[in-house]
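Here's the structure, in structure tokens; my notes come after.
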Protein chains: 2
Amino acid sequence: MKELEQYIESYFGIAHLDALQTMSQMFKPVKLSKGDFYLQTGNYCDKMSFIRSGLLRIFVNNDGKEVTQWISSKGYFITDLASFIFDTPARWTIQALTDVEIFTINKQNYQKLGEIVPQWHVLEKLFIAKCFIFLEDRIFSHLSMSAEERYQHFFENNKELFHQVPLQYIASMLGMTPETFSRIRKKQLS
Amino acid sequence: MKELEQYIESYFGIAHLDALQTMSQMFKPVKLSKGDFYLQTGNYCDKMSFIRSGLLRIFVNNDGKEVTQWISSKGYFITDLASFIFDTPARWTIQALTDVEIFTINKQNYQKLGEIVPQWHVLEKLFIAKCFIFLEDRIFSHLSMSAEERYQHFFENNKELFHQVPLQYIASMLGMTPETFSRIRKKQLS
DNA sequence: TAGTTCTCTTGACAAAAATCAAGAATTCAG
DNA sequence: CTGAATTCTTGATTTTTGTCAAGAGAACTA
């Protein structure tokens with residue numbers, strides 16, 4: 001299962017061959033159909049996954065309005081980190097936007113990694129730290145950029161996404177309405 | 001040094017007495033005067049600290065405009081996490097808003113903790129995960145709340161801060177101009 | 001293919017927030 | 001205490017963004 005090993009390596013920086021092999025045996029390939037839920041708000045998230053293909057949306061229903069937190073794709077992982085790590089009810093709902101292939105590890109096996117893989121907790125820490133820094137960037141974009149600038153910045157780095165998912169989700173993720181998004185988009189195209 | 005041990009315990013959940021003692025010996029008490037810099041953008045941040053008293057502002061100069069990322073006070077820690085963990089040039093400038101007392105550990109000693117304190121890397125991971133979740137909440141507030149709602153929400157939880165620091169910094173931190181902040185504030189007071 | 005649903009766009013308008021400018025109020029240094 | 005600097009407020013105005021409503025377009029279903 002060479003492919004999964006590559007994911008693990010790029011996520012956690014593990015180059016050790018036997019550790020890689022041990023790890024990849026603990027992940028199970030899973031398929032989701034478009035529309036399937038990976039997780040629903042209020043449930044306990046006892047798994048995390050690498051995305052092999054497809055797109056998943058992380059959102060929450062906020063007084064009848066859906067707030068999209070992120071759209072995750074190949075090269076990202078997926079889980080509700082708070083729920084997964086601290087055993088709290090999940091804040092987020094996660095749903096497949098397309099057919100999806102993921103590699104999933106359950107919490108029980110995940111915890112075993114600490115016993116099996118040398119330096120696992122260090123690698124895990126670095127991984128979560130990267131997630132933290134990623135969010136720090138997003139906060140900064142809300143403190144210092146207009147809707148239009150956030151659009152441009154995101155578009156530069158995620159062009160593919162714009163013809164793969166309903167644009168209203170991207171709008172929400174960037175903190176603007178679909179109408180504003182549409183108008184900015186029009187301006188950018190011309 | 002009972003006080004520092006309490007910080008460590010509440011941050012990292014360490015109840016082990018000898019570990020606590022070992023750790024607290026690695027932190028040094030440091031004093032900063034109002035206006036002193038703890039860290040400047042572009043430098044390498046090779047330390048982290050717990051705040052014993054006083055207030056520090058984390059900000060960055062963005063094209064001549066200062067963007068305040070956060071104001072840290074007693075009960076928070078202070079560092080540039082990205083720089084501290086990944087040895088990259090610091091994005092943030094950190095400056096004392098008042099006279100400040102902190103407990104500081106340098107990177108060299110910090111790394112020794114892993115060898116000395118049992119389960120240290122697990123605790124560290126949990127600590128950083130909490131920081132992540134904290135930022136997730138902030139993102140959510142920008143995706144789902146108006147400036148006024150962000151003001152209220154922040155005010156409810158940080159009343160003390162409002163008469164301790166220049167309000168323009170809080171405004172920036174909440175992603176609005178000082179003028180907007182002032183108008184919202186007026187509305188709230190009446 | 002036709003009908004239904006979902007998504008996107010557009011316009012008119014309203015509300016929120018930014019900008020600019022001036023002047024109070026407060027803080028700070030000497 | 002006094003003058004200077006900083007911070008805060010206020011008003012007038014502009015820009016940005018949101019809301020509501022209607023319709024166009026695309027995707028999906030039977």
Side-chain angles (χ1 to χ4, degrees), chain A residues 33-36 54-55 57 59 61-68 71 95-99 140-155 158-159 161-190, chain B residues 33-36 54-55 57 59 61-68 71 95-99 139-155 159 161-190:
Chain A
S33 299
K34 180 173 178 175
D36 285 354
L55 299 162
R57 180 170 71 112
F59 67 99
N61 188 307
N62 189 237
D63 291 334
K65 289 199 175 175
E66 284 183 355
V67 176
T68 296
I71 293 166
Q95 187 176 25
L97 285 178
T98 63
D99 288 352
F140 184 73
S141 78
H142 282 277
L143 299 186
S144 65
M145 295 181 191
S146 65
E148 190 164 342
E149 288 167 324
R150 289 199 304 278
Y151 175 100
Q152 286 175 330
H153 184 255
F154 187 79
F155 180 71
N158 302 274
K159 286 200 172 60
L161 209 57
F162 282 65
H163 44 78
Q164 289 178 15
V165 302
L167 299 177
Q168 52 184 316
Y169 298 153
I170 301 180
S172 172
M173 191 172 121
L174 294 176
M176 65 187 83
T177 61
E179 293 94 334
T180 296
F181 185 95
S182 174
R183 291 188 177 105
I184 291 172
R185 183 162 171 252
K186 189 181 177 186
K187 216 194 287 183
Q188 299 291 324
L189 292 174
S190 62
Chain B
S33 299
K34 180 173 178 174
D36 284 355
L55 298 163
R57 180 169 70 112
F59 67 99
N61 188 309
N62 188 236
D63 292 332
K65 288 197 178 178
E66 285 184 354
V67 176
T68 296
I71 294 165
Q95 188 176 25
L97 286 178
T98 62
D99 288 353
I139 296 279
F140 184 74
S141 78
H142 282 275
L143 300 186
S144 66
M145 295 181 191
S146 65
E148 191 166 340
E149 289 167 324
R150 290 200 302 279
Y151 175 100
Q152 286 175 330
H153 184 256
F154 187 79
F155 180 70
K159 286 199 172 61
L161 210 57
F162 283 65
H163 44 79
Q164 290 180 14
V165 303
L167 299 177
Q168 52 183 316
Y169 299 153
I170 302 180
S172 172
M173 191 172 122
L174 295 176
M176 65 188 85
T177 61
E179 292 94 333
T180 296
F181 185 94
S182 173
R183 290 185 178 106
I184 291 174
R185 183 162 171 255
K186 189 182 177 187
K187 215 195 287 185
Q188 299 290 327
L189 292 175
S190 61

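In what follows, chains are A, B, ... by sequence order, proteins preceding strands, each numbered from 1. Quantities reported herein were computed from a predicted structural model and do not represent experimental measurements.
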Between E66(B) (CD) and dT6(D) (C1'), how many Å, whole number?
13 Å
Looking at OH of Y169(B) and CD1 of I71(B), how far apart are the two atoms once the value is rounded to the nearest 0.5 Å?
8.5 Å
Does a donor on one side chain and an acceptor on the other come within less than 3.5 Å for R150(B) and S141(B)?
no
Chi angles and distances behind the side-chain contact (heavy atoms from CB on, under 4.5 Å) call for Y151(A), R185(A):
CA-CA 8 Å; Y151(A) 175 100; R185(A) 183 162 171 252; 3.4 Å; yes
Test your reading of the model: is there a side-chain donor-acceptor pair from S33(B) to the backbone of D36(B), 3.5 Å cut-off?
no
Taking all heavy atoms of H142(B) and all of L174(B), pick out the closest pair and write down the distance.
CE1-O, 3.6 Å
For K65(B) and for K187(B), find the nucleotide of DNA chain C with the closest heavy atom, then tell me which residue's nucleotide is more 5'.
K187(B)
How many angstroms lie between atom CG of L97(A) and atom CZ of F59(A), to the nearest 0.5 angstrom?
8.5 Å
Please check if the side chain of T98(A) supplies one atom and the backbone of L55(A) the other of a donor-acceptor pair under 3.5 Å.
yes
So, Q152(B) side chain and E149(B) main chain: donor-acceptor pair closer than 3.5 Å or not?
no
Indicate whether OP1 or OP2 belonging to dT9(D) is found under 4.0 Å from a side-chain N or O atom of K186(B).
no
Grab the CD-C1' distance between Q188(B) and dT9(D) for me, whole Å please.
16 Å
Near DNA chain D, which residues from residues 146-155 of chain A have a heavy atom under 4.0 Å away?
S146(A), A147(A)
Spacing of CD belonging to Q168(A) relative to OG1 belonging to T68(A), to within rounding of 0.5 Å:
8.0 Å
How many angstroms lie between CD1 in I184(A) and CD in E179(A), if you round to the nearest 0.5 Å?
11.5 Å
Take atom NZ of K159(A) as the centre, draw a 6.0 Å sphere, and report whether it contains more than 12 heavy atoms from other residues, nucleotides or ligands.
yes
Quick check: closest heavy atoms across L161(B) and I170(B), and the distance to 0.1 Å?
O-CD1, 4.1 Å
Roughly how far, to the nearest 0.5 Å, is the CD atom of Q95(B) from the NZ atom of K34(B)?
10.0 Å
Within residues 175-184 of chain A, residues whose heavy atoms come under 4.0 Å of DNA chain C
E179(A), S182(A), R183(A)
In whole Å, what is the span from the CE atom of M145(B) to the P atom of dG18(D)?
16 Å
Just to verify, what does K187(B) make a side-chain hydrogen bond (donor to acceptor under 3.5 Å, both in side chains) with, not counting sequence neighbours?
E148(B)
Interface limits on DNA chain C, where chain B has a heavy atom under 4.0 Å of a nucleotide atom:
dA17(C) to dC28(C)
Donor-acceptor under 3.5 Å (N61(A) side chain, E66(A) main chain):
no
Per-helix bend value, the helix from dT1(C)-dA30(D) to dG30(C)-dC1(D), C1' rotation axes over five pairs per end, 10° rounding, shows 50°
List the protein contact pattern of nucleotides 22-30 of chain D with one symbol per nucleotide (5' to 3'): B for base contact, S for sugar-phosphate-only contact, - for none; contact means a heavy-atom distance under 4.0 Å.
------S--
